[in-house]
A.B. asks: 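Starting off with a structure, shown below.
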Amino acid sequence: MSTPISQQSNATPSVNESEFQHEEHEEENEEVEVEHGGPNLKRGRKKISKVWDVFEVIEEKEHNFFVKKHKCKYCHRKYTISKSGTTTHLKRHLVECPYYKNVATKQSTINFLPIENDFQGMSSYVSYPSTFDMMKIRDIITKMVIVHEYPFNMVEHVWFNVLLKTMNPQYEKISRNTIKNDCMKLYEHEREKLIKTLKHVDRISLTSDTWTSNQTIGYMCLTIHFIDANWKLQKRIISFYELEPPHTGLVISDAIFDCLLDWGIQDKVSTITLDNASSNDVVARHLKSNFESRDKLHFKGKFFHIQCCAHILNLMVQDGLKEIEEIIYRIRESVKYLKKSPGRLHKFGEIARQLNISTKKGLCIDVPTRWNSTYNMIDGAIVFQSVFDQYAVRDANYKWLPSFDDWEKAKKIAEFLEVFHDVTHIFSGTLYPTANLFLPEIWKVKEVLDIHAESSDYFMQRMALLMRGKFDKYWGDCNMLMAISAVLDPRYKMVLINFCFHRIYSNSESERNILEVKQTLWEIYEMYATEQVSHSTSNSAHEVTNISMASSSNTCGSYGKKYKSKGRSEFDDFIKQNNTLQPMKNELEIYLEEDVVRFGVETDSTFDVLDWWKVNVVKFRILSKMAHDILSVHVTTVASESAFSAGGRVLDKYRSSLAPKTVDALVCTSDWLKAEHGNMKSKVKSSIIFHLFISLLLISITHLFVFDFDFIFIFL
């Protein structure tokens, strides 16, 4: 059991006056000769008092003259040097100085109880040092500025410095240039760490997209996806790159390849996911040609270019929504009208409460280019149908009230689009594999389109037919990568291929596509098997040589004979002629013949396909390596597009002059820090600054007080 802090302070000799009185007595009686440049020298007294370990001599300008003073190294308090040279006042200070007292009593870290409701592992930022460490504080401030996208000049704000100085008087103000330099140094440090990590990664998939800032500067975001040694899917932004105009396919592909060369991962790229812009076809074609010329085109280039599924779904739904533009217009204008005035919203809320309708969900305005926001707007407005009707009676200026038929159509549209909304949400994940989820979700979409294409409601039928035309354009042919990814999910295997293909394609097409999937699956497996054999052969070549040399010296066996006996040779011939053993099955055959893994609905939704392969890596050494590489492919560019939101906040109207290199460092480092410490949600976004203040506060408390446990518990 640890000794309470109050007892520790009694057990350890404290700083007291008697100690210094004794020391002064010794100092006065101990004189030594000190040379001052010649033989006829004055005797000087050597400074042996402990005060000189604590105080230093400084010079300060007072009334146009420089005056020497003694400054405490711990609390920075200054004393005028007395003419008599006495040190009594300095010794008295040591007795009173709380900072020196903690050091003198060797008071160490306070063992606080664990913090409850830890901020998703962010307690790693919290430390309880016994001495103030300005570099540690600067490091935390640097991370705070990067992760939360604060401006550099925040560190120069008066009240920010007042707060930190109040928490600890030893805090020293830093400038915006200093914190900017610290941010760039942290970027270089984290970049080197990531480069070392990528040296141990065999396959990497890319996602990329472009964006134009408020400076009218074009940026390209390049994100890598890979599965680490612990079978965890990782995502890292490696470039937020300024693109030189014009932003043609060749310019973008050259920028991507230069970035890959800079990171040293140009030979590890397996696929790239892009949206459906025509220039991106040129990007994929040019990159594929580069990799092919280097003989580094993985999977034989069968699925190098992946089209963003979320973008295809967006195009599909946007085509369908054109059929109901008038209904969407009336709902959108109704929501806009209410949101423009707090008084109108208040009146609308009062009517909702009178009708006993919860206002928790609220109204939202859509972004016309993003169909999922249109769905959310329609879905939210339907709840308040009766409230809109009552409000129209009370406000003569309100002119966009949807009719009863409009509301009925809106309900059908919301129910129809719910499937697309859920599928988009699943595809947009960045922390779990999505390629294996493509086929079952797309089958749902196709089924819904086919049902509504036969609907008796003309507007729903027309809407579904338009969307099905877009579906057939992009997904009419078999998507080979998504099919093989589904096979590598132990819940699906070839069973899902047989089930879905007969529902998505015609009979002849389904049989042809199933055969093609099987052929491609076996072809890729053979590639990995060949690589595995060659790798094993090269690694064990020297072992085989050693074993051969050892066995050659002992071929006589236990009988001391050099050659096999006649009886043994005849027995070997008999085995060859009468071999009853069946040929050994390979891993793919064993995997496909085993039953699919089945769970309940709740367990299935939390199933981690990567964990399954991690557990079965010994059983399926070759197939697990194949799954390791293929399941890292992402079916959307959401990971890159989300960086543009951060880029927009970093390059707001107040900081639009930031250099592109600085923007690149801030966006990338923010992504790396969030990945390292967990994906921080909005509810914990204040965690770094919180721990900064806690660290400063604890440092101050540790120096100022000698606690007992009762106080610690009260503090906590």
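Here the structure is a predicted model, which means the values were calculated and not measured.
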A.B. asks: So, do Asn276 and Asn280 sit near enough that their side-chain heavy atoms are less than 4.5 Å apart?
C.D. replies: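 No, too far: nothing below the 4.5 Å cut-off.
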
A.B. asks: Begin from the C-alpha positions of Glu447 and Lys444 and carry the test salt bridge (charged side-chain N to carboxylate O under 4.0 Å, His left out) through to its verdict.
C.D. replies: CA-CA 5 Å; Glu447 187 179 43; Lys444 293 178 188 177; over 6 Å; no

A.B. asks: Taking the side chain as every heavy atom from C-beta outward, state whether Leu222 and Ile256 have any atom pair closer than 4.5 Å.
C.D. replies: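 Leu222 vs Ile256: side chains touch.
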
A.B. asks: Quick one: does Trp407's side chain get under 4.5 Å of Ile327's, heavy atoms only?
C.D. replies: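 When only atoms from C-beta onward are counted, Ile327 and Trp407 do not touch, as no gap falls below 4.5 Å.
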
A.B. asks: Can you list the steps and then say if Thr424 with Val317 is a side chain to side chain contact (heavy atoms under 4.5 Å, CB included)?
C.D. replies: CA-CA 11 Å; Thr424 302; Val317 177; over 6 Å; no

A.B. asks: Do we see a donor-acceptor contact under 3.5 Å between the side chains of Ser506 and Glu509?
C.D. replies: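 Checked: Ser506/Glu509 side chains pair up, N/O donor to acceptor below 3.5 Å.
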
A.B. asks: Can we say Glu594 and Lys619 salt-bridge, meaning some charged N sits less than 4.0 Å from an Asp/Glu carboxylate O?
C.D. replies: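 Here Glu594 pairs with Lys619 in a salt bridge, since their nearest N and O are under 4.0 Å apart.
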
A.B. asks: Are Gln234 and Thr197 close enough that some pair of their side-chain heavy atoms sits under 4.5 Å apart?
C.D. replies: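 Side-chain contact under 4.5 Å: no.
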
A.B. asks: Are Ile224 and Trp263 close enough, and set up right, to give a side chain to side chain contact (heavy atoms under 4.5 Å, CB included), and what steps lead you there?
C.D. replies: CA-CA 11 Å; Ile224 60 172; Trp263 281 82; over 6 Å; no

A.B. asks: Check whether Lys470 reaches the backbone of Ile312 with its side chain - one donor and one acceptor, N or O, closer than 3.5 Å.
C.D. replies: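 Answer holds: no.
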
A.B. asks: Are the aromatic rings of Phe501 and Trp443 close, with centres under 6.0 Å apart?
C.D. replies: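 Not close enough - the centres of the two rings lie 6.0 Å or further apart.
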
A.B. asks: Taking the basic N atoms (NZ, or NE/NH1/NH2) and the acidic carboxylate oxygens, is any pair closer than 4.0 Å for Glu325 and Lys322?
C.D. replies: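 Answer for the salt bridge query: no.
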
A.B. asks: Got a donor-acceptor contact below 3.5 angstrom from the His311 side chain to the Gln307 backbone?
C.D. replies: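 Checked: no pair found.
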
A.B. asks: Whether Lys625 and Glu531 form a salt bridge (side-chain N of Lys/Arg under 4.0 Å from carboxylate O of Asp/Glu) is what I want to check.
C.D. replies: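 No.
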
A.B. asks: Are Arg191 and Asp262 within salt-bridge range, i.e. N to O under 4.0 Å?
C.D. replies: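 The answer is yes: the pair qualifies as a salt bridge.
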
A.B. asks: Assert yes or no for the condition that the ring centre distance of Phe499 to Tyr492 is strictly below 6.0 Å.
C.D. replies: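 No, the ring centres sit 6.0 Å or more apart.
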
A.B. asks: Is any side-chain heavy atom of Ser632 less than 4.5 Å from a side-chain heavy atom of Leu233?
C.D. replies: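 Contact flag for Ser632/Leu233 side chains = yes.
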
A.B. asks: Between Phe620 and Ile590, does the side chain to side chain contact (heavy atoms under 4.5 Å, CB included) criterion hold? Intermediate values first, please.
C.D. replies: CA-CA 9 Å; Phe620 302 110; Ile590 296 171; 4.2 Å; yes

A.B. asks: Got a sec: does the CZ of Arg462 have more than 12 other heavy atoms crowding it under 6.0 Å?
C.D. replies: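 No - once you tally the heavy atoms of other residues, nucleotides and ligands closer than 6.0 Å, there are 12 at most.
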
A.B. asks: Got a sec, which residues hit side chain to side chain contact (heavy atoms under 4.5 Å, CB included) with Glu192, two or more places apart in sequence or on another chain?
C.D. replies: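 Checked Glu192 against side chain to side chain contact (heavy atoms under 4.5 Å, CB included); matches are Ile195.
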
A.B. asks: Could you tell me whether Arg370 and Asp366 make a salt bridge, using a distance below 4.0 angstrom between a side-chain N and a carboxylate O?
C.D. replies: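 The answer is no: the pair does not qualify as a salt bridge.
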
A.B. asks: Side chains of Thr434 and Phe438: does their closest heavy-atom pair fall under 4.5 Å?
C.D. replies: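 Sidechains of Phe438 and Thr434: no contact.
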
A.B. asks: Looking at Asp450 and Arg468, does any basic side-chain N land under 4.0 Å from a carboxylate oxygen?
C.D. replies: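 Arg468 and Asp450: salt-bridged.
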
A.B. asks: With sequence neighbours excluded, what pairs up with Arg621 under the salt bridge (Lys or Arg N to Asp or Glu O under 4.0 Å) test?
C.D. replies: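 Checked Arg621 against salt bridge (Lys or Arg N to Asp or Glu O under 4.0 Å); zero matches.
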
A.B. asks: Tell me if a side-chain donor or acceptor on Glu292 pairs with a main-chain N or O of Leu297 at a distance below 3.5 Å.
C.D. replies: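 No, the answer is negative, given that no donor and acceptor are paired below the 3.5 Å cut-off.
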
A.B. asks: Is it true that Asp379 and Lys361 make a salt bridge, defined as a side-chain N closer than 4.0 Å to a carboxylate O?
C.D. replies: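 Salt bridge between Asp379 and Lys361, a charged N being under 4.0 Å from a carboxylate O: yes.
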
A.B. asks: Sequence neighbours excluded, which residues qualify as salt bridge (Lys or Arg N to Asp or Glu O under 4.0 Å) partners of Asp228?
C.D. replies: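 Expected list: none.
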
A.B. asks: So, the side chain of Trp612 versus the backbone of Pro490: is there a donor-acceptor pair under 3.5 Å, distance only?
C.D. replies: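 Here the side-chain-to-backbone pair does not exist.
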
A.B. asks: Quick one: do the Thr207 and His225 side chains pair a donor with an acceptor below 3.5 Å?
C.D. replies: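 His225 and Thr207 do have a side-chain donor-acceptor pair below 3.5 Å.
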
A.B. asks: Between the side chains of Lys411 and Glu408, is the shortest nitrogen-to-carboxylate-oxygen separation below 4.0 Å, so that they form an ion pair?
C.D. replies: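 Yes.
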
A.B. asks: Decide side chain to side chain contact (heavy atoms under 4.5 Å, CB included) for Ile204 and Leu260; before the verdict, give the C-alpha distance in whole Å, the side-chain angles of both, and the deciding distance to 0.1 Å.
C.D. replies: CA-CA 11 Å; Ile204 292 171; Leu260 298 177; over 6 Å; no

A.B. asks: So Tyr591 and Trp613, ring-ring contact (aromatic ring centres under 6.0 Å, His included) or not? Walk me through it.
C.D. replies: CA-CA 12 Å; Tyr591 172 76; Trp613 280 108; 5.4 Å; yes

A.B. asks: Can a salt bridge be assigned to the pair Glu415 and Lys412 using a cut-off of 4.0 Å between side-chain N and carboxylate O?
C.D. replies: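 No, no charged N to carboxylate O under 4.0 Å.
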
A.B. asks: Can you tell whether the side chains of Arg285 and Asp281 come within less than 4.0 Å, N to carboxylate O?
C.D. replies: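 Salt bridge absent between Arg285 and Asp281.
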
A.B. asks: Using 30° and 60° as the class boundaries, would you call the ring planes of Phe299 and Phe303 parallel, tilted or perpendicular?
C.D. replies: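 Tilted: the ring planes of Phe299 and Phe303 meet at 30° to 60°.
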
A.B. asks: For Phe427 and Phe420, I'd like to know if the aromatic rings sit close, meaning centre-to-centre distance below 6.0 Å.
C.D. replies: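 When the ring centroids of Phe427 and Phe420 are compared, they turn out to be at least 6.0 Å apart.
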
A.B. asks: Considering only NZ, NE, NH1 and NH2 on the basic side and carboxylate oxygens on the acidic side, decide whether Lys493 and Asp595 come within less than 4.0 Å.
C.D. replies: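 A salt bridge is absent here (no side-chain N lies under 4.0 Å from a carboxylate O).
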
A.B. asks: Closer than 3.5 angstrom, by distance alone: can the side chain of Glu323 be matched with the main-chain N or O of Phe459 as a donor-acceptor pair?
C.D. replies: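 No, because the side chain of Glu323 does not come within donor-acceptor range (under 3.5 Å) of the backbone of Phe459.
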
A.B. asks: Under the side chain to side chain donor-acceptor pair (under 3.5 Å) rule, what do Asn372 and His421 come out as? Steps first, then yes or no, please.
C.D. replies: CA-CA 6 Å; Asn372 53 331; His421 181 268; 5.6 Å; no

A.B. asks: Looking only at side chains, do Asp629 and Tyr528 share a donor and an acceptor under 3.5 Å apart?
C.D. replies: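 Present: a donor and an acceptor within the cut-off.
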
A.B. asks: Side chains of Ile227 and Lys232, heavy atoms from C-beta outward: is any pair under 4.5 Å?
C.D. replies: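 The answer is no, as the side chains (C-beta and beyond) never meet within the 4.5 Å cut-off.
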
A.B. asks: Using every non-hydrogen atom in the two residues, find where His425 and Tyr432 come nearest and quote the distance to one decimal.
C.D. replies: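 Looks like O-OH, 3.7 Å.
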
A.B. asks: Got a salt bridge between Arg294 and Asp267, using NZ or NE/NH1/NH2 to carboxylate O under 4.0 Å?
C.D. replies: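 Between Asp267 and Arg294 there is a salt bridge, with a charged N closer than 4.0 Å to a carboxylate O.
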
